[in-house]
Amino acid sequence: MAKVHAGVGCSHVPAIGVAMDSGITGQDYWKPVFAGFEKSREWMKENKPDVIFLVYNDHCTAFSAEVIPTFALGCAAEFQPADEGWGPRPVPVVKGHPRLASHIAQSVILDEFDLTIMNKMEVDHGLTVPLSVMFGEVEDEWPCQVIPLAVNVVQYPPPTGNRCYNLGKAVRRAIDSYDEDINVMIFGTGGMSHQLQAERAGLINPEFDKRFLDLLTEDPVAGSQITHLEYMREAGSEGIEMVMWYVMRGALNDDVEEIHRHYHVPASNTAVGHIILENR
Amino acid sequence: MSDPKEYEDIPGTFVFDADRSRQGYHLNMFCISLRLQESRDAFKADPEAYLATYPMSEEQAQAVRDRAWNRMLELGGNIYYTAKLAANDGITFQELAALMTHMGSEDYRKMMFEGGRSIEGNRSKSEWEDK
């Protein structure tokens with residue numbers, strides 16, 4: 001049967017992808033950002049997943065204002081990196097796992113989570129940047145298959161933290177009942193505190209971010225109750241995307257071990273956060 | 001249920017809710033069209049003619065002409081969309097943020113490098129009254 005052993009939380013700041021794609025990760029500005037992922041890349045080699053279930057948000061790339069699904073599950077065989085206005089990132093095509101994806105869709109919909117099914121979808125930096133930081137530079141292909149779950153966090157309201165947490169639990173039940181011996185890793189991406197818009201742009205709140213990470217590991221039930229108002233007020237209007245980490249957390253055991261944590265300010269306009277959790 | 005628009009108390013912020021999304025639909029569709037080179041070419045060749053293909057309000061169209069970034073957000077624009085207009089103009093996300101905060105790019109970059117804008121004094125509109 002399929003197994004979930006670990007989860008990864010990770011920012012998906014576009015400038016991090018640009019830094020990797022343009023080969024400037026050794027610059028003083030970027031060094032401390034990437035130093036915190038060195039251990040993670042070693043860990044990824046030791047714990048190589050067959051499939052990553054990757055929770056992220058689309059930035060008005062695959063979805064414009066015309067269609068705004070709250071949860072959209074990528075069931076296609078492959079996903080092309082999108083042109084976000086300055087050419088697609090020079091990274092490999094993302095290979096999906098249609099059989100597991102459709103199993104998850106069927107299972108969670110019967111579990112009363114009404115997902116949108118995507119049989120064709122381009123993926124933007126929200127999905128490819130976390131893969132890049134965790135795997136490092138790759139040549140012709142990504143080391144594993146990926147099932148994308150795109151969550152609306154652009155138009156208010158996104159799903160609640162509680163809803164994300166419970167969806168994660170349903171995803172776990174689906175994976176646990178899949179009849180192939182594969183290792184599935186869960187990624188929750190986005191954040192940490194940041195505000196990109198209007199006069200309060202540039203907001204960073206390290207105290208909030210630390211508390212978020214502490215609760216994620218130790219008391220996810222309490223953390224999943226953080227309100228939208230608190231996210232937006234304390235972590236910035238775009239910081240609300242941290243709800244997506246709760247899908248990852250819900251898919252893990254209640255009891256987890258924190259293997260690694262990394263936090264750095266800034267990357268462009270954003271606090272970078274990263275955590276690795278293993279099931280106990 | 002608590003006041004559904006309590007978030008309007010957050011200073012210097014336009015929460016992109018369903019009302020703003022409805023109001024800003026054509027403005028945002030205009031902005032996102034600039035993701036594609038052929039649209040950027042058409043906009044560059046004749047800005048007014050290209051703008052006119054999107055039935056946004058005159059106020060919104062004027063905000064686009066003026067590159068009034070905060071005004072666009074106030075009228076229903078969303079930052080991930082307006083950032084495409086900025087990119088079309090050769091403005092990076094961080095430069096756009098600096099423009100919206102009325103800080104110079106250097107000062108904004110320095111603020112971010114030193115840890116960003118503090119949450120203290122920036123939680124509620126009541127804290128901004130003297131600004």
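None of the values given here were measured: they were computed from a predicted structure. Quick note: numbers below take in every heavy atom, side chains included, and nothing from hydrogens, waters or symmetry partners.
- For S193(A), no part lies under 4.5 angstrom from a heavy atom of chain B.
- Residue S124(B) touches chain A through both its backbone and its side chain, counting heavy-atom pairs closer than 4.5 Å.
- Top candidate by heavy-atom pairs under 4.5 Å with chain A, chosen from D9(B), L99(B), L36(B), is D9(B).
- Of the listed residues Y81(B), F93(B), F113(B), the one with more heavy-atom pairs under 4.5 angstrom with chain A than any other is Y81(B).
- Rounding to the nearest 0.5 Å places OG1 of T92(B) at 10.0 Å from CH2 of W86(A).
- A cation-pi arrangement, defined by a distance under 6.0 Å to the six-membered ring centre and an angle within 45 degrees of its axis, is present between R109(B) and Y29(A).
- Checked by atom type and distance alone, the side chain of R233(A) never pairs as donor or acceptor with a backbone atom of Y7(B) at under 3.5 Å.
- Counted within 6.0 Å of NZ on K210(A), heavy atoms from surrounding residues, nucleotides or ligands total 12 or fewer; the atom is thus considered open.
- Results of the side-chain hydrogen bond (donor to acceptor under 3.5 Å, both in side chains) test with T13(B) over E199(A), Q195(A), Q197(A) single out Q195(A) as the only residue that passes.
- Between chain B and the residues A198(A), A15(A), G85(A), P157(A), the most heavy-atom pairs under 4.5 angstrom are made by A198(A).
- The candidate with the highest count of non-hydrogen atom pairs below 4.5 Å against chain A, out of P11(B), A87(B), G24(B), A83(B), is P11(B).
- For A18(B), the parts lying near chain A are the backbone and the side chain together; criterion is any non-hydrogen pair under 4.5 Å.
- When each of N205(A), V265(A), L203(A) is checked for heavy-atom pairs under 4.5 Å with chain B, L203(A) comes out on top.
- E66(A) has its side chain within reach of M29(B): a pair of non-hydrogen atoms, C-beta onward, lies under 4.5 Å apart.
- Interface remark: D17(B) contributes backbone and side-chain atoms alike to the contact with chain A (heavy atom separation under 4.5 Å).
- Note: E207(A) CD to E120(B) CD = 7.5 Å, rounded to the nearest 0.5 Å.
- We find the CZ-OG distance between F14(B) and S237(A) to be 11.0 Å, quoted to the nearest 0.5 Å.
- Taking every heavy atom of both residues into account, S64(A) and I32(B) meet most closely at CB-CG2, 4.3 Å.
- Most heavy-atom pairs under 4.5 Å with chain A, from the set G116(B), S118(B), G115(B), A97(B): that is G115(B).
- Closest of all the heavy-atom pairs between A201(A) and M111(B) is O-CE, 4.0 Å.
- The pair R123(B)-E234(A) meets the salt-bridge criterion, with a side-chain N (NZ, NE, NH1 or NH2) lying under 4.0 Å from an Asp/Glu carboxylate O.
- Residues M112(B) and S268(A) are not in side-chain contact: their nearest non-hydrogen atoms beyond the backbone lie 4.5 Å or more apart.
- No more than 12 heavy atoms of other residues, nucleotides or ligands shown are found within 6.0 angstrom of CD on E112(A).
- Contacts of R40(B) with chain A are made by side-chain atoms alone, with heavy-atom separations under 4.5 Å and no backbone atom involved.
- A distance-only check finds no donor-acceptor pair linking the side chain of R117(B) to the backbone of I204(A) [under 3.5 Å].
- Closest heavy-atom contact between Y25(B) and A65(A): CE1-O, 3.7 Å.
- A donor-acceptor pair under 3.5 Å is absent between the side-chain atoms of K84(B) and the main chain of C60(A), judged by distance alone.
- Side chains of Y108(B) and N269(A) form a contact here, defined as non-hydrogen atoms less than 4.5 Å apart.
- Rounded to the nearest 0.5 angstrom, E6(B) CD and M232(A) CE are separated by 9.5 Å.
- A heavy-atom distance below 4.5 Å is found between the side chains of R200(A) and I119(B).
- The closest side-chain heavy-atom distance from Y80(B) to L196(A) is below 4.5 Å.
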